Asks: 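Here it is: the structure, laid out below.
A quick note: this is a predicted structure, and the numbers were derived from the prediction, not measured.
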Amino acid sequence: MNKYTVFKTGTKNNYLHSPNLEQILLLHPVLSHLLELKEKGEDLNAWLNREAEKGITLETGEHISHDQLQYYIRKYMFLSDCGYFNPLDTKNDICGRLTEQNIKEFLANSEQLTLEVTEDCNLKCDYCGYGKFYTPYENRSTKHMDISIAKKIFNYM
C-alpha cells in the first residue's frame, strides 16, 4: 500500500510526499514529529495533554509551546482531511492515477478503433504500415478473432 513518505534533504529540511495527491510539501519539524507519533498509534490530543503540557524541545534546541503544538495538531488534521496521508487506492485507481470512470471516458471519446482480427500474418509486406514496428520476438499463429468478440467491442464502444 503506497502511502505518504517523509524525507530529509542534505540541508536537513523535511518534506512530505503524498502519492495520493502527487504533491511534495515542506514539512515543519513539529509536523514530522506528529507524523512519527501517529505512526506509533498515538492520539495526538491525548499526547498533547499528557506529555506536552509545557511544550517540547526539538532536536534543534527550539522550544515549541503548548499553544504552538495545538496549532500544528490543527495543521496536521487539515492535511489529513485534505488526503495527504491517504494511501493510493490501487483497487479503484489504476497505477494510482486512472479510475474506471477515466477509462470509460477515454474510450467513449476515442476517435479511432483498431482491432487485430487475425494473427495469420507474417507482417512482412512492403506496404504494411505496422510490419516494420514489430520485432521478431512475437510468434505469429493462425488465430482469428471470433466475430462475437468484435461485435461486443463495437457495441461497447
Side-chain angles (χ1 to χ4, degrees), residues 1-117 119 129-130 132-139 145-146 148-157:
M1 183 178 294
N2 297 333
K3 61 178 190 165
Y4 69 88
T5 304
V6 175
F7 61 94
K8 190 176 282 201
T9 63
T11 57
K12 307 235 189 274
N13 288 325
N14 294 313
Y15 290 88
L16 168 74
H17 172 248
S18 173
N20 185 47
L21 298 178
E22 297 181 0
Q23 292 184 2
I24 296 176
L25 298 177
L26 179 62
L27 200 59
H28 191 279
V30 173
L31 281 171
S32 292
H33 185 68
L34 295 177
L35 284 169
E36 289 172 11
L37 292 172
K38 284 301 282 186
E39 283 287 316
K40 294 176 185 173
E42 190 74 58
D43 176 289
L44 295 180
N45 287 314
W47 168 83
L48 181 65
N49 293 328
R50 183 182 69 247
E51 303 283 333
E53 189 175 311
K54 295 181 181 176
I56 61 170
T57 302
L58 299 175
E59 292 175 4
T60 60
E62 179 184 3
H63 182 76
I64 306 297
S65 72
H66 186 267
D67 289 342
Q68 289 171 311
L69 288 171
Q70 285 178 319
Y71 164 80
Y72 283 108
I73 288 175
R74 286 193 307 274
K75 192 166 190 170
Y76 171 89
M77 297 307 294
F78 173 78
L79 293 173
S80 181
D81 291 344
C82 290
Y84 279 89
F85 311 123
N86 293 350
L88 282 175
D89 183 2
T90 54
K91 182 176 181 183
N92 294 314
D93 291 0
I94 298 166
C95 299
R97 291 179 174 77
L98 295 175
T99 65
E100 181 180 351
Q101 184 61 34
N102 292 141
I103 293 169
K104 285 180 179 179
E105 288 171 11
F106 297 151
L107 288 173
N109 292 300
S110 294
E111 295 180 14
Q112 180 178 333
L113 175 65
T114 304
L115 300 177
E116 185 175 357
V117 296
E119 285 190 2
Y130 298 104
K132 294 177 184 171
F133 300 111
Y134 280 80
T135 56
Y137 72 86
E138 185 178 304
N139 292 329
M145 180 183 287
D146 188 273
S148 65
I149 292 174
K151 285 180 180 179
K152 283 180 184 179
I153 293 169
F154 284 120
N155 287 335
Y156 182 80
M157 292 301 289

Asks: Roughly how far, to the nearest 0.5 Å, is the CD1 atom of Ile56 from the CG atom of Leu69?
Replies: 5.0 Å

Asks: Quick one: list whatever passes side chain to side chain donor-acceptor pair (under 3.5 Å) with Ser65, sequence neighbours left out.
Replies: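 Partners of Ser65 under the side chain to side chain donor-acceptor pair (under 3.5 Å) test: Gln68.
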
Asks: What heavy-atom pair brings Leu58 and Pro29 nearest, and what distance separates the two atoms?
Replies: CD1-CB, 4.0 Å

Asks: Can you tell me which residue pairs pass the ring-ring contact (aromatic ring centres under 6.0 Å, His included) test with a partner in residues 46-70, sequence neighbours excluded?
Replies: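 Checked against ring-ring contact (aromatic ring centres under 6.0 Å, His included) - neighbours excluded - the pairs reaching residues 46-70 are His33-Trp47.
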
Asks: What closest approach, in Å, do Asn14 and Ser32 show between heavy atoms, and which atom pair accounts for it?
Replies: ND2-OG, 3.2 Å

Asks: Using side chain to side chain donor-acceptor pair (under 3.5 Å) as the criterion, list what pairs up with Glu105, not counting sequence neighbours.
Replies: Gln101

Asks: Leu26: what forms a side-chain contact (heavy atoms from CB on, under 4.5 Å) with it, not counting sequence neighbours?
Replies: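 With neighbours one apart ignored, the set is Asn13, Tyr15.
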
Asks: With sequence neighbours excluded, tell me which residues meet ring pair (Phe, Tyr, Trp, His ring centres under 6.0 Å) with His17.
Replies: none

Asks: Restricting to non-hydrogen atoms, name the atom on Gly83 and the atom on Ser18 that form the minimum distance, rounded to 0.1 Å.
Replies: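 It is O-OG, 3.9 Å.
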
Asks: So which heavy atom on Ala150 is nearest to which on Leu115, and how close?
Replies: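 Nearest heavy atoms, Ala150 then Leu115: CB-CD1, 4.2 Å.
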
Asks: Is any side-chain heavy atom of Leu79 closer than 4.5 Å to a side-chain heavy atom of Leu31?
Replies: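 A side-chain contact under 4.5 Å exists here.
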
Asks: Going by side-chain contact (heavy atoms from CB on, under 4.5 Å), name the residues that satisfy it together with Ala46, two or more places apart in sequence or in a different chain.
Replies: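 Checked Ala46 against side-chain contact (heavy atoms from CB on, under 4.5 Å); matches are Asp43, Arg50.
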
Asks: State which residues pass side chain to side chain donor-acceptor pair (under 3.5 Å) with Asp146; sequence neighbours excluded, sorted by chain then number.
Replies: Ser148

Asks: Side-chain contact, heavy-atom cut-off 4.5 Å: Leu27 with Leu35?
Replies: yes

Asks: I need the full list of side-chain hydrogen bond (donor to acceptor under 3.5 Å, both in side chains) pairs touching residues 69-83, with sequence neighbours left out, sorted by first then second residue.
Replies: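 Matches after skipping sequence neighbours: His28-Tyr72.
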
Asks: Quick one: CG on Leu25 to OH on Tyr4, what's the gap to the nearest 0.5 Å?
Replies: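 Interatomic distance, Leu25 CG to Tyr4 OH, rounded to 0.5 Å: 13.0 Å.
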
Asks: Test: salt bridge (charged side-chain N to carboxylate O under 4.0 Å, His left out). Region: residues 26-40. Which pairs qualify, not counting sequence neighbours?
Replies: Lys3-Glu39

Asks: Looking at residues at least two apart in the chain, or sitting in another chain, which of them share a side chain to side chain donor-acceptor pair (under 3.5 Å) with Thr60?
Replies: none

